[in-house]
Protein chains: 2
Amino acid sequence: MRWHKISDAVVRRLPLYLRVLEEASRDEDKQLMSSQELGDRAGVAPALVRKDLAWFGEFGKQGVGYQVDYLKTELRRILNLDREIRVGLVGVGALGHALVRYHRIRSMRNSSFHINLIALFDNDPAKFGEHVVDLEIWPLELLAEKIKALKLEIIIVTVPAAHAQEVVDLAVAAGIKAILNFAPVKLTVPEGVHLANADLSLELQRLAYYLNE
Amino acid sequence: MRWHKISDAVVRRLPLYLRVLEEASRDEDKQLMSSQELGDRAGVAPALVRKDLAWFGEFGKQGVGYQVDYLKTELRRILNLDREIRVGLVGVGALGHALVRYHRIRSMRNSSFHINLIALFDNDPAKFGEHVVDLEIWPLELLAEKIKALKLEIIIVTVPAAHAQEVVDLAVAAGIKAILNFAPVKLTVPEGVHLANADLSLELQRLAYYLNE
DNA sequence: TAGATTGTTAATCGATTAACAATC
DNA sequence: TAGATTGTTAATCGATTAACAATC
């Protein structure tokens, strides 16, 4: 258990730092990085990088900077990426299909990426038993059962807006603690369940605002 | 030209309000809505709803609330959704393909949705001339030319991370002012060009943080 | 009129930045 | 040692919330 409640603003930057460290170590074999450089590459002010990291421990050395490998390991641990995280996807339409392919290929190439999509669900009987890449599509009725049996921890929701809330309610009742939602609808989840929204039309509408200044 | 520079936090909520108003008027034929109800439905405090709207004018009546139709019209105008916004998509892989289908079908069903995806680009000659739904895939070489000829204002980037920055540079040089990026990479754009990131792996990594509290 | 709700100002809250002593 | 850079505190900035006069 952590002492302070870390704000979501901080948590959102951690994967950014991790990505910078992974690229620097993979592409440049970099051993050390200062908060200045890490910040530059992540698009974050150096003082903020140090403050963010300091919530979790003392990872750097004065006058030297941060050991890339060590900080990488620590960030993975903090983000729970040092163990397998099992993910299910509900709604294998065009978008769901694409996300499966995108994700399966990524996780096959990069064995250290421990967020694994391992189960697909749909409510269309015509799709039951069908495979996308190497994953079988299960009937939506099996969602709760499979969440428990396969220890799924995150679900990706790519069903039509009208069905998203009921899918989420089912999943939450079965113990799901995190949801990545693509449906263009505001979902309600109980305290303790975390929601990330990937709502493309909202993003496009936001961008449209800036088009005549 | 607007008097105050409106913060992005405000702009992000406007499409949310618009969606609530559209649903209320379409599904419930609602005529009036208070900041209280609009806020409840959008997940925003009522005082913040009033403050956000007040940046752009006086749209409500004391003791009464907001006229749904009127506010809807005003929000559309503010967001530039009262005119056609033309969008191009670069990188017709699995994800790009799915976004095209998702978006074309949406815009065909909902004629009032004026953000239109009208051009596709890829660098794979095998795909040139191929159609996705009703849209032809053009060679990436034509990007700059087509941006100008078709008056594209937004591009959606679904190319691999390694190519995203060069695509963006090309597009920006040709006059693009807004970019929706799906590539898992931090893009650099000049002042005045707006960027929205839809980076799925960052979102999943963020969610993973919350999985053992 | 009485009740309701806006638009707006002041107060609060939270996040970022600046500054610097500690120390490698 | 001298220079560099961390971890941390204080100052600043910005966004949200509370409160209320105006008014429909």
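Sequence lines set the chain letters: A, B, ... in the order given, protein chains first and strands last, and positions in each chain run from 1. Note that these values count all heavy atoms, side chains included, but never hydrogens, waters or copies made by symmetry. Values in this document were obtained by computation on a predicted structure and should not be read as measured data.
- Atom CG in B:Leu32 sits about 13 Å away from atom C1' in C:dT6, given to the nearest Å.
- For the residue pair A:Tyr17/A:Asp52, the side-chain donor-acceptor check at 3.5 Å is satisfied.
- Base pairing analysis places C:dA22 opposite D:dT5; the two distances defining the Watson-Crick or G-U wobble pair are each below 3.5 Å.
- Taking atom CZ on A:Phe59 and atom C1' on D:dT6, their separation rounds to 13 Å, with Å as the unit.
- Summarising the geometry, the separation between CG on A:Leu71 and P on D:dT5 is reported as 16 Å, rounded to the nearest angstrom.
- A:Arg206 and A:Glu203 are joined by a salt bridge, as a carboxylate oxygen and a charged side-chain nitrogen come within less than 4.0 angstrom of each other.
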- [ ] Test A:Asp82 against A:Arg76 for salt bridge (charged side-chain N to carboxylate O under 4.0 Å, His left out), laying out the working first.
- [x] CA-CA 6 Å; A:Asp82 55 351; A:Arg76 279 172 181 276; over 6 Å; no
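- Pair assignment for C:dC13 gives D:dG14, based on Watson-Crick or G-U wobble hydrogen-bonding distances that are each under 3.5 Å.
- The distance between atom CG of A:Leu38 and atom P of D:dG7, rounded to the nearest whole Å, is 12 Å.
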Considering only nitrogen or oxygen atoms on both sides, find all protein atoms under 3.5 Å from nucleotides 13-19 of chain D and state each distance.
from, atom 1, to, atom 2, distance (Å)
D:dT16, OP1, B:Arg13, NH1, 2.9
D:dT16, OP2, B:Arg13, NH2, 3.0
D:dA19, N6, B:Arg50, NH2, 3.3

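- A salt bridge is defined here as a Lys NZ or Arg NE, NH1 or NH2 lying under 4.0 Å from an Asp or Glu carboxylate O, and B:Lys177 with B:Glu191 fails to meet this definition.
- Counting to the nearest Å, the P atom of C:dT5 and the CD atom of B:Gln67 are 14 Å from each other.
- Among the nucleotides D:dG7, D:dC24, D:dT6, the one closest to any side-chain atom of B:Gln62 is D:dC24.
- A parallel orientation is assigned to the rings of B:His194 and A:Tyr210, their planes being inclined by less than 30° (bins at 30° and 60°).
- In this structure, CD of B:Gln36 is placed 15 Å from P of C:dG7, rounded to the nearest angstrom.
- The side chain of A:Ser35 places an N or O atom within less than 4.0 Å of a non-bridging phosphate oxygen (OP1 or OP2) of D:dT6.
- Distance from the side chain of A:Val64 is smallest to C:dC24 among C:dT8, C:dT6, C:dC24.
- Scanning both residues, B:Leu81 and A:Ala208, for their nearest heavy atoms gives CD2-CB, 4.0 Å.
- In this entry the distance linking OH of B:Tyr66 with C1' of D:dC24 reads 13 Å, nearest Å.
- With respect to the salt-bridge test (charged N to carboxylate O, under 4.0 angstrom), the residues A:Arg41 and A:Glu23 do not qualify.
- If you find the closest nucleotide of DNA chain C to B:Gly63 and to A:Lys61, the one lying nearer the 5' end belongs to B:Gly63.
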